[in-house]
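Below is one structure, written out as structure tokens; the observations come after it.
Everything numeric in this text was worked out from a predicted model, so none of it was measured. The basis for the numbers below is simple: all heavy atoms, side chains too, and nothing from hydrogens, waters or symmetry mates.
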Amino acid sequence: QVQLVESGGGLVQTGGSLRLSCAFSGRNFHRYAIGWFRQAPGKAREFVSAISWSGGLTKYADSVQGRFTISRDNVKNTASLQMNSLKPEDTAVYYCAASPVREPTISLSEYEYWGQGTQVTVSS
């Protein structure tokens with residue numbers, strides 16, 4: 001059984017940084033693409049970033065391109081999202097998710113497992 005646990009959220013001022021981590025438990029972490037999504041109050045869950053099985057391919061939403069960096073460690077079974085130059089509009093609950101698709105995918109429906117989420121709040 002796959003479980004995902006996010007950590008690293010918190011309150012930060014505009015322009016600050018946070019690093020989110022996603023701990024994977026279960027088998028074959030290296031056979032799952034990992035995605036990060038976020039959901040702000042009253043809004044739909046949206047794609048943020050994703051990384052392929054090997055870590056060689058990544059995708060980013062236009063809104064975070066150049067500010068966020070996704071990475072993974074297939075030995076430690078973890079994935080991370082480094083978030084820099086944070087803006088108030090980045091405020092949301094952030095979720096990591098695992099997909100059996102080899103390449104990074106932006107489609108929520110392709111992710112089979114989800115974490116419980118971690119709150120990120122950016123104050124102005």
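Two different hydrophobic clusters hold Tyr60 and Phe37 under the rule that ILVMFWY side chains link at heavy-atom gaps under 4.5 Å. Connection of Val48 to Leu108 is not established within any shared hydrophobic cluster, with ILVMFWY side chains joined at heavy-atom distances below 4.5 Å, either directly or through further cluster members. Cluster annotation: Val93 is connected to Trp114 through the hydrophobic network of ILVMFWY side chains, with a link wherever side-chain heavy atoms come within less than 4.5 Å. Hydrophobic clustering, with ILVMFWY side chains joined whenever heavy atoms are under 4.5 angstrom apart, keeps Leu4 apart from Phe47. No single ILVMFWY cluster, assembled from side-chain heavy atoms under 4.5 Å apart, contains both Leu57 and Ile70.
Looking only at distances, no side-chain donor or acceptor of Gln116 sits under 3.5 Å from a matching main-chain atom of Val5. Between the side chain of Thr14 and the backbone N or O of Ser123 there is at least one donor-acceptor pair closer than 3.5 Å. The backbone N or O of Pro88 lies less than 3.5 Å from no partner atom in the side chain of Ser124, so there is not a single donor-acceptor pair. Side-chain atoms of Ser85 never come within 3.5 Å of backbone atoms of Gly15 as a donor-acceptor pair (strictly under, hydrogens ignored). With hydrogens and angles ignored, the 3.5 Å screen pairs no side-chain donor or acceptor of Gln82 with any backbone N or O of Thr69. Distance alone, capped at 3.5 Å, is enough to place a donor-acceptor pair between the Thr91 side chain and the Val122 backbone. At least one donor-acceptor pair under 3.5 Å links the side chain of Trp53 to the backbone N or O of Val101. Panel note: side chain Asn28, backbone Arg31; no donor-acceptor pair is recorded below 3.5 Å.
Distance check: Asn77 CG to Arg27 CZ gives 12.0 Å after rounding to the nearest 0.5 Å. Of the inter-residue distances, the one linking Glu112 atom CD with Glu110 atom CD reads 10.0 Å to the nearest 0.5 angstrom.
Taking the side chain as every heavy atom from C-beta outward, Ile51 and Pro104 never approach each other to under 4.5 Å.
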Inset, instruction - Kindly indicate, with the supporting measurements, whether the criterion side-chain contact (heavy atoms from CB on, under 4.5 Å) is fulfilled by Ile34 and Phe29. - result: CA-CA 9 Å; Ile34 300 297; Phe29 174 70; 3.8 Å; yes
Inset, instruction - For side-chain contact (heavy atoms from CB on, under 4.5 Å), just list the numbers for Asp90 and Arg38, CA-CA rounded to whole Å, side-chain angles, deciding distance to a tenth of an Å, and then say yes or no. - result: CA-CA 9 Å; Asp90 294 319; Arg38 67 187 181 187; 2.9 Å; yes
Inset, instruction - Show your working on side-chain contact (heavy atoms from CB on, under 4.5 Å) between Glu6 and Leu20 and close with a plain yes or no. - result: CA-CA 7 Å; Glu6 304 93 337; Leu20 304 184; over 6 Å; no
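For the residue pair Thr105 and Ser107, no side-chain donor N or O sits within less than 3.5 Å of a side-chain acceptor on the partner.
Residues Arg67 and Leu86 come closest through the heavy atom pair NH1-CA, 3.9 Å. The shortest non-hydrogen separation linking Leu81 to Ser49 is CD1-CB, 4.1 Å. Nearest heavy atom pair, residue Ser54 against residue Arg72, reads C-CD, 4.4 Å. Between Trp36 and Ala79, the shortest heavy-atom distance links the atoms CZ2-O, 4.1 Å. The shortest heavy-atom contact between Gly35 and Tyr111 is N-CE2, 3.5 Å. The shortest heavy-atom contact between Glu103 and Ser52 is CA-CB, 4.1 Å.
Using cut-offs of 30° and 60° for the angle between ring planes, the Tyr113 and Tyr32 rings count as perpendicular. Ring orientation note: the planes of Tyr94 and Phe68 are tilted relative to one another, at an angle of 30° to 60°.
Counting non-hydrogen atoms of neighbouring residues, nucleotides and ligands closer than 6.0 angstrom, the CD atom of Gln3 reaches no more than 12 such neighbours.
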